[in-house]
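In what follows, a structure is listed as structure tokens, so that the remarks can point back to it.
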Amino acid sequence: MSKGFGFDKGRKPTTTVSTLKPTATAPATPPAPVTAVFDRLPDNAWLREAQLVRSAKNPDSAIAPLPFSAPTLWRMVKLGKFPKPTKLSTRVTAWQAGQVRAWMAAQATA
């Protein structure tokens, strides 16, 4: 006798495919454009790494304002090509949205 699978030896399964009801799935909504999210933030808003760069591990990062990865971000910080972050606590590092916007504007004019 098999427990937990909905059937016993010699008996029909308790749930058949024909009795399962299909569930309706909501249509996938496209992510909000980057400008719709990033531009609405005040300049003093704090942004963490996951909110700035794209990551294959985080599907929400598709709307990140910076078109490069986290290692590239840290490489640029180390070289002085990107603003240094602020350490908010021992485990939290973040950038102010205004600093990131200023950097992006400088890149657009360069």
- Among all residues two or more places apart in sequence or in another chain, which pass the ring-ring contact (aromatic ring centres under 6.0 Å, His included) test with Trp103?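 By the ring-ring contact (aromatic ring centres under 6.0 Å, His included) rule, Trp103 matches Phe82.
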- Does Arg48 have any salt bridge (charged side-chain N to carboxylate O under 4.0 Å, His left out) partners at least two apart in sequence or in another chain, and if so, which?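 Here no residue qualifies.
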- Query: Roughly how far, to the nearest 0.5 Å, is the CZ atom of Arg75 from the OG1 atom of Thr72?
  - Reply: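 One gets 4.5 Å once the value is rounded to the nearest 0.5 Å.
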- Task: Report yes if the side chains of Trp95 and Leu73 come closer than 4.5 Å at any heavy-atom pair, otherwise no.
- Result: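 Of all side-chain heavy-atom pairs linking Leu73 with Trp95, at least one is under 4.5 Å.
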- Does the side chain of Thr86 come within less than 4.5 Å of Thr93's, by heavy atoms?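 Not touching, per the 4.5 Å side-chain cut-off.
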In chain order, what residues pass the side chain to side chain contact (heavy atoms under 4.5 Å, CB included) check against [X], with sequence neighbours excluded?
| X | result |
| --- | --- |
| Pro67 | Arg54 |
| Ala102 | none |
| Lys84 | Val77 |
| Gln99 | Pro83, Gln96 |

- Item | Smallest separation among heavy atoms of Arg101 and Leu41, with atom names |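 Scanning both residues, the minimum pair turns out to be NH2-O, 2.6 Å.
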- Query: Taking all atoms of both residues into account, what is the closest heavy-atom pair of Pro42 and Ala97, and its distance?
  - Reply: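 The answer is O-CB, 3.6 Å.
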- Item | In one Ile/Leu/Val/Met/Phe/Trp/Tyr side-chain cluster, 4.5 Å: Leu52, Met104 |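 Result: yes, single cluster for both.
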- Query: For atom NZ of Lys87, is the number of surrounding heavy atoms from other residues, nucleotides or ligands below 6.0 Å larger than 12?
  - Reply: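 Yes.
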- Task: Taking atom types as modelled, find out whether Trp46 and Gln51 have a side-chain donor-acceptor pair closer than 3.5 angstrom.
- Result: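 Absent: no donor and acceptor within the cut-off.
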